[in-house]
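It should be emphasised that the depicted structure is a prediction, and the values quoted were computed from it without experimental measurement.
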Amino acid sequence: MNGKKLSKKWLYTFIGIAFVALATCTTALYHKEYIIATGTGLVFGAQVINIIKWKRD
């Protein structure tokens, strides 16, 4: 995202990954798999940052 305008395809990709990561994180917490929940929580956070950056541009 080096200052270049990204297509809407990227926004949909970011949203899809964020949704899957959040679902995986929730499932991992339910099954008390804390390492998996932490990893997917970090992925979710990174995707939220990507979505915010995409919206700014």
(message) Side chains of K55 and I52, heavy atoms from C-beta outward: is any pair under 4.5 Å?
(response) no
(message) Using the rule that Ile, Leu, Val, Met, Phe, Trp and Tyr join whenever any side-chain heavy atoms are under 4.5 Å apart, tell me whether F19 and V48 fall into a single cluster.
(response) no
(message) Between Y34 and K32, is the side-chain contact (heavy atoms from CB on, under 4.5 Å) condition met? List the steps.
(response) CA-CA 6 Å; Y34 300 117; K32 297 182 182 171; 3.7 Å; yes
(request) Hey, could you give me the CG/CD distance between N50 and Q47, rounded to the nearest 0.5 Å? (result) 5.0 Å
(message) Rounded at 0.5 Å granularity, tell me how far CD1 in I49 sits from CZ in F44.
(response) 11.0 Å
(request) Indicate the atoms forming the closest heavy-atom contact of C25 with A37, along with that distance. (result) SG-O, 3.3 Å
(message) Would you compute the distance between atom CD1 of I17 and atom CD1 of I51 and round it to the nearest 0.5 angstrom?
(response) 9.5 Å
(message) For the OG1 atom of T27 and the CG atom of L22, what is their distance to the nearest 0.5 Å?
(response) 9.0 Å
(request) Output the distance between atom CD (E33) and atom OG1 (T38), rounded to the nearest 0.5 Å. (result) 11.0 Å
(message) Under a 3.5 Å distance rule, please check whether W54 uses its side chain to pair with a backbone N or O of S7 as donor and acceptor.
(response) yes
